[in-house]
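Structure, as structure tokens:
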Number of protein chains: 4
Amino acid sequence: MVAGMQSPPTPAHRPGGRPRSAAADAAILEATRQVLVEIGWSKLTLGAVATRAGVAKTTLYRRWAGKSELVVDAVAELFDELELPDRGSLAADIEGVVLQFALLLGRPETKTALMAVVAESTTDEPLRHRIRASIVDRQKRLVLAGRERAQARGELPAEPDGVAAARTADLIFDVIAGAVVHRALVSAEPVDEEWARRFTLLLLDGLAAAAATQ
Amino acid sequence: MVAGMQSPPTPAHRPGGRPRSAAADAAILEATRQVLVEIGWSKLTLGAVATRAGVAKTTLYRRWAGKSELVVDAVAELFDELELPDRGSLAADIEGVVLQFALLLGRPETKTALMAVVAESTTDEPLRHRIRASIVDRQKRLVLAGRERAQARGELPAEPDGVAAARTADLIFDVIAGAVVHRALVSAEPVDEEWARRFTLLLLDGLAAAAATQ
Amino acid sequence: MVAGMQSPPTPAHRPGGRPRSAAADAAILEATRQVLVEIGWSKLTLGAVATRAGVAKTTLYRRWAGKSELVVDAVAELFDELELPDRGSLAADIEGVVLQFALLLGRPETKTALMAVVAESTTDEPLRHRIRASIVDRQKRLVLAGRERAQARGELPAEPDGVAAARTADLIFDVIAGAVVHRALVSAEPVDEEWARRFTLLLLDGLAAAAATQ
Amino acid sequence: MVAGMQSPPTPAHRPGGRPRSAAADAAILEATRQVLVEIGWSKLTLGAVATRAGVAKTTLYRRWAGKSELVVDAVAELFDELELPDRGSLAADIEGVVLQFALLLGRPETKTALMAVVAESTTDEPLRHRIRASIVDRQKRLVLAGRERAQARGELPAEPDGVAAARTADLIFDVIAGAVVHRALVSAEPVDEEWARRFTLLLLDGLAAAAATQ
DNA sequence: CTTTAATCGAGACGGTACGTCCCGTCTTCAG
DNA sequence: CTGAAGACGGGACGTACCGTCTCGATTAAAG
């Protein structure tokens with residue numbers, strides 16, 4: 001698990017007393033993912049997670065502030081897997097990113113959890129930050145890496161202006177992530193290689209022109 | 001409001017007995033939106049909605065199977081407002097659709113509710129269908145209308161093949177709706193005219209090429 | 001069924017329109033007794049009775065004011081059976097009365113209903129009158145008949161004073177009915193011939209004699 | 001309050017966890033009696049009792065299986081008050097017991113509740129046992145004490161046979177308790193000193209004597 | 001070796017909302 | 001006007017979880 005799991009990263013922990021069980025943390029997060037898959041977000045209860053993890057409710061509340069925080073942490077672990085192998089061209093890299101996202105969204109635990117915590121986050125500022133740090137930024141990293149690689153290859157021009165560059169990256173990221181999520185969860189249609197290819201085609205031809213006119 | 005909204009689309013209702021109050025339906029949906037705005041999705045209670053609507057809880061449960069179904073119907077009504085005024089060009093029409101959609105997502109009652117019900121729908125097949133029929137298809141209509149109009153103007157070629165045309169429309173729809181939702185709710189950044197312009201530029205140049213190569 | 005079934009005995013019934021179904025009355029009372037036996041007083045609902053009788057709830061509420069009134073009427077019919085055959089002596093007649101009561105209290109529908117409506121009647125004056133008229137007085141009749149018969153036989157002296165006579169009859173009635181009910185329902189022990197014999201002995205000869213003979 | 005009153009008589013309770021609050025028990029039973037007085041048995045609500053006792057509904061359901069069980073326990077406490085002061089003679093002792101019992105039945109909380117739970121018990125075996133243990137046996141104690149005292153005084157002979165003795169005590173108890181209950185609740189007439197005197201006379205000397213003296 | 005202090009499990013606590021059941025009334029249509 | 005059907009506003013039900021709070025029992029580092 002990543003650092004900063006507890007809401008206050010490490011709350012002044014003056015020494016003395018029995019230390020917290022590290023095994024409990026792992027058991028809880030694993031149990032959270034299991035319960036999430038089995039009964040879904042809205043019916044997931046902290047009591048059920050505690051029971052499943054073989055842990056007392058108290059232990060759970062001592063570490064997380066609530067359901068959303070717990071689920072974010074439980075799901076965030078899965079995003080550590082994300083990587084972008086060099087496939088040799090910008091188009092192939094975009095298809096790779098798309099398929100990576102799709103793979104993650106195909107898992108039942110991410111599928112359910114992601115939209116739910118995003119929904120919660122619309123009325124919960126700290127949660128929004130937590131999601132951004134744990135999940136969103138980890139995805140965006142791939143987009144940025146892809147651009148850098150394309151620039152190194154000469155497929156894209158170097159950015160003269162840092163602000164505009166960031167703004168464009170944000171746009172691209174929203175388009176890619178948004179389209180994949182919408183296709184997978186709202187339209188509920190498969191994000192397969194065929195779709196990835198057609199999407200990349202659409203994005204790439206647009207992107208080239210946009211880059212030229214900007 | 002559209003006919004056949006209730007969970008079973010009016011299940012063979014053989015006559016006899018007092019008919020259901022149409023006023024109650026309207027009051028409940030309006031109350032649902034009010035309560036959504038005031039206390040949000042996760043704290044929304046069917047009891048609170050009933051009280052607000054001046055209606056017994058029973059009446060509510062007689063018509064809807066649960067919170068998600070009710071909220072889908074309540075929010076769906078808002079999507080009837082969406083229109084696509086002719087702004088003279090494909091680019092302007094796309095910008096218009098993006099801004100209209102963004103306006104809708106900016107409303108407090110849609111913001112949280114939409115993601116939440118989508119999250120629920122990942123583990124609830126009937127709910128997924130309901131969302132598709134009540135909300136998604138209502139938006140897709142705009143994309144189709146925009147294309148027809150652009151074809152009439154000569155901005156886009158006529159579709160030779162119905163299946164490919166539908167597939168492209170789906171892709172475009174996922175890109176537009178996905179990007180706007182992601183920008184507005186996940187990135188939590190404003191979808192303003194500036195963003196709409198840049199997004200449309202990206203999409204259009206891609207679309208032209210895609211159309212040419214297809 | 002006896003007269004005065006409706007709470008207001010016959011409410012001015014201005015003619016014209018469809019007359020009430022007499023069959024419905026019988027069906028309802030029979031259904032009441034059935035339901036009473038099957039699910040007990042506290043879980044008996046008027047809706048269930050109506051369904052069982054093949055009658056609408058409306059029909060039921062048009063005729064009776066509530067659960068208690070209905071059950072009193074349904075059970076009262078059973079008390080019409082009560083008779084006191086001449087067994088030749090006061091002792092034998094008392095045993096006869098005791099066994100008649102016991103027989104009635106042995107039926108599941110009377111057993112359950114009697115205590116329940118009496119309980120209700122402690123806070124419901126009109127119900128108390130209804131019970132008195134429909135049930136209690138019908139039992140007391142037997143006691144009075146037994147005394148008259150004993151006086152005719154010369155086993156008991158004629159009453160010189162009407163008031164004292166009534167007072168004594170009330171006392172005897174409370175003792176007999178009370179003892180049988182208490183034995184049958186509170187102590188939940190069988191009221192058989194053996195018990196009836198011992199009770200009659202006690203009543204006739206008194207405790208002093210009983211102590212002497214034991 | 002007597003030990004082991006709860007539904008399962010303290011079911012092997014292996015330690016661990018927060019212990020049950022003894023104060024809650026007392027508050028609930030007291031609240032039950034108050035609510036009984038104020039709104040009566042049939043309208044008594046476990047929710048209302050909980051509120052009145054300043055206790056969560058859960059706490060109440062954790063300890064009692066239902067309304068009947070709770071009321072039996074609440075009323076049973078009142079029967080602990082019953083005593084049999086030595087009034088010098090068997091007759092005086094019987095009159096004392098009758099009047100004490102009548103006093104208890106005159107209380108609004110006992111009046112309705114007692115008949116109601118007995119009515120329930122006709123279709124509820126465990127409840128019948130609970131009533132027997134908590135209420136009936138508590139009264140029977142007085143009859144046994146009265147007999148012993150009378151035997152000590154020489155008013156009654158010693159019992160040669162234990163079984164017959166118990167059988168006679170049961171009979172006497174049914175007669176006394178039954179008569180008082182029937183007079184007070186069914187006939188709904190006052191159980192005053194005059195009635196107690198006449199009842200005792202009848203019980204002691206028997207109907208034959210009563211007929212002779214009148 | 002103790003002490004000390006925070007942990008652990010267990011489970012009761014005051015609450016809130018649930019979804020169901022029944023109440024007694026009302027509204028419609030059919031005879 | 002009656003009767004079946006069934007929706008209506010209302011209220012209580014008994015259950016499930018919430019997040020908090022005692023408990024006695026570990027458990028390890030500090031004294």
Side-chain angles (χ1 to χ4, degrees), chain A residues 13-21 23-24 43-51 53-67, chain B residues 13-24 43-48 50-51 53-67, chain C residues 13-21 23-24 43-51 53-67, chain D residues 13-24 43-48 50-51 53-67:
Chain A
H13 188 266
R14 62 259 173 159
R18 176 176 174 174
R20 288 189 178 165
S21 157
K43 291 180 186 159
L44 177 148
T45 71
L46 295 202
V49 170
T51 303
V55 139
K57 260 200 304 175
T58 332
T59 304
L60 213 150
Y61 278 106
R62 220 175 267 129
R63 290 164 158 83
W64 286 276
K67 179 163 148 172
Chain B
H13 183 264
R14 60 281 176 124
R18 177 175 176 173
R20 287 192 178 167
S21 158
K43 289 180 186 158
L44 178 143
T45 281
L46 293 204
T51 302
V55 137
K57 249 197 312 174
T58 351
T59 300
L60 212 151
Y61 279 105
R62 218 175 272 128
R63 289 166 159 80
W64 285 278
K67 181 164 151 171
Chain C
H13 187 269
R14 62 261 173 156
R18 175 174 172 178
R20 287 189 177 169
S21 157
K43 289 179 188 160
L44 178 146
T45 72
L46 294 203
V49 170
T51 303
V55 140
K57 261 200 304 174
T58 332
T59 303
L60 213 150
Y61 277 106
R62 246 194 288 269
R63 288 165 158 82
W64 286 276
K67 178 163 150 174
Chain D
H13 184 263
R14 58 286 176 115
R18 178 175 174 173
R20 288 194 177 164
S21 158
K43 291 180 186 158
L44 177 145
T45 283
L46 293 204
T51 303
V55 138
K57 249 197 313 174
T58 344
T59 301
L60 213 151
Y61 279 106
R62 217 174 273 127
R63 291 166 158 80
W64 286 277
K67 181 164 150 172

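Side-chain atoms of T45(D) do not come within 3.5 Å of backbone N or O of A48(D) as any donor-acceptor pair.
Shown here for L46(C) and K67(C), the closest heavy-atom pair between the two residues is CD2-CA, 4.0 Å. In terms of heavy-atom proximity, S21(A) sits nearest to R63(A) at O-NH2, 2.9 Å.
Put simply, T59(D) has no side-chain N or O that comes within less than 4.0 Å of OP1 or OP2 on dA12(E).
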- For every nucleotide of nucleotides 10-17 of chain F, 5' to 3': is a protein heavy atom under 4.0 Å from its base (B), only from its sugar-phosphate (S), or from neither (-)? B-SSBB-B
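Under the side chain to side chain contact (heavy atoms under 4.5 Å, CB included) criterion, T58(A) pairs with A56(A), R62(A), sequence neighbours left out. Every side chain to side chain contact (heavy atoms under 4.5 Å, CB included) that A53(A) has, sequence neighbours left out, goes to A27(A), I28(A), A31(A), V55(A).
Atom CZ of R63(C) is separated from atom C1' of dG24(E) by 17 Å (rounded to the nearest Å). Summarising the geometry, the separation between CZ on R18(D) and C1' on dC8(E) is reported as 18 Å, rounded to the nearest angstrom. Atom pair L60(C):CG and dT25(E):P shows a separation of 12 Å (rounding to whole Å applied).
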